[in-house]
*Asks:* 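Input: one structure, supplied below.
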Amino acid sequence: MTARLIFDPWISCPQLNPKAQLRLFCFPCAGGTTSTYSTWTNKLPKDVEVYLVQLPGRGRRLQEPSYTNFLTLIQTLASKIRPYLNMPFAFFGHSMGAMLGFEITRLLRQEYNLSPVHLFAACCPAPQKPILKPFIHKMPEAKFLAELCDRYNAIPKEILQNEQMLQLFLPCLRADFTILETYIYKSEMPLECPISVFGGLQDKAIKVDALEAWREQTSSYFNLQMFPGDHFFLHNSQSLFLQSLSQHLNYLVAINNN
């Protein structure tokens, strides 16, 4: 298992924890890498082992082609994650990552009769809610960049000001928005696992009603919590957010031990 964790390009574990009671799989936002979650191991409960999902086309997988088909990516991810689901597990996803976590949860239910003990979604409209229009994935570069910055504040200044870095970053962003904007929601029975949703109070792209609509996707407990910050409040309000997430995770570990 240790060798697989080290050499698996899709899944990494910053710190193996033989005493873990729960595994938390973290899915990135559009254009995102594992760096957002790489420090979480030391900030979450000691009973939780954090697993990071790295998509091709970015980070250490920059030279690999990005996926542009949602279903193909979901099927691939489910097969890559499946070997690590030999203990209770939860999914966390930010923006596009929440959609990945949701659809992988549905696929695991259908194909393997498996379910996370909890699904956490941040800054993502409920799957049945329409994506904000106009669609941007086919826009010319200047317009595409302008929309990304205006709607999501999605590109760090150090990348915007470095043309070489920007040209490395844009292909995976465009591919990810192709995935999001061509996604077709199909109605199924609600999930049996609880869903907790987090949002940014100043997020211009995702409104509260679109977050609240996640309630329809579970027959179990639902919770919505808002934090100061925009679409990337995970950075702006990291301490507050991780306190809340830790409370959820401690509860999951406790009930799993009873």
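Nothing fancy with the numbering, it's 1 onward along the sequence.
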*Asks:* Side chains of Phe227 and Asn236, heavy atoms from C-beta outward: is any pair under 4.5 Å?
*Replies:* no
*Asks:* Just by distance, do the side chain of Asn17 and the backbone of Lys46 share a donor-acceptor pair under 3.5 Å?
*Replies:* yes
*Asks:* Around atom CG of Asp209, are there more than 12 heavy atoms of other residues, nucleotides or ligands at under 6.0 Å?
*Replies:* yes
*Asks:* Please tell me if the side chains of Leu22 and Asp47 come closer than 4.5 Å, counting only heavy atoms from C-beta onward.
*Replies:* no
*Asks:* Kindly say whether Phe135 contributes a backbone atom to a donor-acceptor pair with the side chain of Glu181 at under 3.5 angstrom?
*Replies:* no
*Asks:* Say whether, by atom type as modelled, one donor and one acceptor occur between the side chain of Arg23 and the main chain of Tyr84 under 3.5 angstrom.
*Replies:* yes
*Asks:* Angle class for the His94/Phe232 ring planes (parallel below 30°, perpendicular above 60°, tilted otherwise)?
*Replies:* perpendicular
*Asks:* Under 3.5 Å, is there a donor-acceptor pair between the Glu188 and Gln110 side chains?
*Replies:* no
*Asks:* Does either side chain, that of Ser244 or that of Gln225, offer a donor lying less than 3.5 Å from an acceptor on the other one?
*Replies:* yes
*Asks:* To the nearest 0.5 Å, tell me how far Arg106 CZ sits from Glu111 CD.
*Replies:* 13.0 Å
*Asks:* Got Tyr185 and Lys129 here, is their nearest side-chain heavy-atom distance under 4.5 Å?
*Replies:* no
*Asks:* If only atom types and distance count, is the side chain of Lys204 paired as donor or acceptor with the main-chain N or O of Asp150 below 3.5 Å?
*Replies:* yes
*Asks:* Atom CD1 of Ile74 and atom CG of Leu100: how far apart are they, to the nearest 0.5 Å?
*Replies:* 5.0 Å
*Asks:* With clusters defined by side-chain heavy atoms of hydrophobic residues (ILVMFWY) lying less than 4.5 Å apart, directly or transitively, does Tyr251 cluster with Trp40?
*Replies:* yes
*Asks:* Hey, mind stepping through Phe102 and Leu191 against side chain to side chain contact (heavy atoms under 4.5 Å, CB included) and telling me if it holds?
*Replies:* CA-CA 9 Å; Phe102 170 74; Leu191 300 176; 3.9 Å; yes
*Asks:* So does Pro228 get a backbone contact from the side chain of Ser237, meaning a donor-acceptor N/O pair under 3.5 Å?
*Replies:* yes
*Asks:* Is there a ring-ring contact (aromatic ring centres under 6.0 Å, His included) between Phe120 and Phe91? Walk through the geometry before answering.
*Replies:* CA-CA 6 Å; Phe120 298 100; Phe91 288 159; over 10 Å; no
*Asks:* Decide whether Tyr221 and Ile195 are clustered together by the hydrophobic rule: side chain heavy atoms of Ile, Leu, Val, Met, Phe, Trp, Tyr closer than 4.5 Å, transitively.
*Replies:* no
*Asks:* State whether a side-chain donor-acceptor pair under 3.5 Å links Glu49 with Tyr51.
*Replies:* yes
*Asks:* Between Ser196 and His118, do the side chains contain an N or O donor and an N or O acceptor separated by less than 3.5 Å?
*Replies:* yes
*Asks:* Looking only at heavy atoms, what is the nearest atom pair of Pro116 and Ala90, with distance?
*Replies:* CB-CA, 4.1 Å
*Asks:* Hey, does Arg109 have a side-chain heavy atom less than 4.5 Å from the side chain of Leu114?
*Replies:* no
*Asks:* Please say whether more than 12 non-hydrogen atoms of neighbouring residues, nucleotides or ligands are located less than 6.0 Å from CD in Glu158.
*Replies:* yes
*Asks:* Do the side-chain N and O atoms of Gln243 and Gln247 include a donor-acceptor pair separated by under 3.5 angstrom?
*Replies:* no
*Asks:* Side-chain heavy atoms under 4.5 angstrom apart, residues restricted to Ile, Leu, Val, Met, Phe, Trp, Tyr: same cluster for Leu180 and Leu71?
*Replies:* no
*Asks:* Do Tyr67 and Thr178 have side-chain heavy atoms sitting under 4.5 Å apart?
*Replies:* no
*Asks:* Using only atom types and a distance under 3.5 Å, with no angle test, would you say the side chain of Ser95 pairs donor to acceptor with the backbone of His231?
*Replies:* no
*Asks:* Any idea which heavy atoms bring Leu168 and Pro171 closest together, and the distance?
*Replies:* O-CD, 3.6 Å
*Asks:* Apply side chain to side chain contact (heavy atoms under 4.5 Å, CB included) to the pair Leu145 and Leu170, showing each step before the final yes or no.
*Replies:* CA-CA 9 Å; Leu145 280 170; Leu170 280 176; 3.6 Å; yes
*Asks:* I'd like to know if the side chain of Arg151 reaches the main chain of Cys149, judged simply by a donor and an acceptor atom lying under 3.5 Å from each other, with no hydrogens or angles considered.
*Replies:* no
*Asks:* If you define the side chain from C-beta out and look only at heavy atoms, does anything of Phe233 sit under 4.5 Å from Phe198?
*Replies:* yes
*Asks:* Search all heavy atoms of Cys13 against all heavy atoms of Val50 and return the closest pair with its distance.
*Replies:* SG-O, 3.5 Å
*Asks:* Once rounded to the nearest 0.5 Å, what's the spacing between atom CG of Leu55 and atom CG of Asp176?
*Replies:* 6.5 Å
*Asks:* Within the 4.5 Å heavy-atom criterion, are Pro28 and Met96 side-chain neighbours or not?
*Replies:* no
*Asks:* Less than 3.5 Å apart, any donor N or O on the side chain of Thr218 or Ser220 sitting next to an acceptor on the other?
*Replies:* no
*Asks:* Regarding Arg174 and the six-membered ring of Phe144, is the cationic atom NZ or CZ under 6.0 Å from the ring centre and inside 45° of its axis?
*Replies:* yes
*Asks:* Side chains of Leu44 and Leu249: closer than 4.5 Å at any heavy-atom pair?
*Replies:* yes
*Asks:* Mind checking whether Met87 and Val48 sit in one hydrophobic cluster, side chains of I, L, V, M, F, W, Y counted as touching below 4.5 Å?
*Replies:* no
*Asks:* Could you check whether any side-chain N or O of Gln128 sits under 3.5 Å from a backbone N or O of Ala213, counting only pairs where one atom can act as donor and the other as acceptor?
*Replies:* yes
*Asks:* Would you give the length of the straight line joining atom CG of Leu211 to atom CD1 of Ile206, rounded to the nearest 0.5 angstrom?
*Replies:* 7.0 Å
*Asks:* Please round to the nearest 0.5 Å and tell me the distance separating atom CG of Leu73 and atom CZ of Phe70.
*Replies:* 7.0 Å
*Asks:* Between the side chain of Tyr37 and the main-chain N/O of Phe27, is any donor-acceptor distance below 3.5 Å?
*Replies:* yes
*Asks:* Before you tell me yes or no, could you show the steps for Phe89 and Ile81 under side chain to side chain contact (heavy atoms under 4.5 Å, CB included), namely the whole-Å CA-CA distance, both residues' side-chain angles and the distance that decides it to 0.1 Å?
*Replies:* CA-CA 11 Å; Phe89 63 96; Ile81 291 172; over 6 Å; no
*Asks:* Drop me the distance from Glu192's CD to Leu119's CG, to the nearest 0.5 angstrom.
*Replies:* 13.5 Å
*Asks:* Which atoms form the tightest heavy-atom contact between Arg60 and Pro9, and what is the distance?
*Replies:* NH2-O, 3.3 Å
*Asks:* Please find the pair of heavy atoms, one from Arg58 and one from Gly32, that lie closest to each other, and give the distance.
*Replies:* CD-O, 2.8 Å
*Asks:* Starting from the C-alpha separation in whole Å, work towards a yes-or-no answer on side chain to side chain contact (heavy atoms under 4.5 Å, CB included) for Asn256 and Val117.
*Replies:* CA-CA 9 Å; Asn256 182 62; Val117 295; 5.6 Å; no
*Asks:* So, Phe241 versus Phe92, ring centres under 6.0 angstrom or not?
*Replies:* yes
*Asks:* Examine the side chains of Tyr152 and Glu147 and answer whether a donor and an acceptor come within less than 3.5 Å of each other.
*Replies:* no
*Asks:* Look only at the side chain of Arg82 and the backbone of Tyr112, and say whether a donor-acceptor pair between them is shorter than 3.5 Å.
*Replies:* no
*Asks:* Mind listing the closest non-hydrogen atom pair of Ser115 and Cys193 along with its distance?
*Replies:* OG-CB, 3.8 Å
*Asks:* Mind checking whether Leu201 and Trp214 sit in one hydrophobic cluster, side chains of I, L, V, M, F, W, Y counted as touching below 4.5 Å?
*Replies:* yes
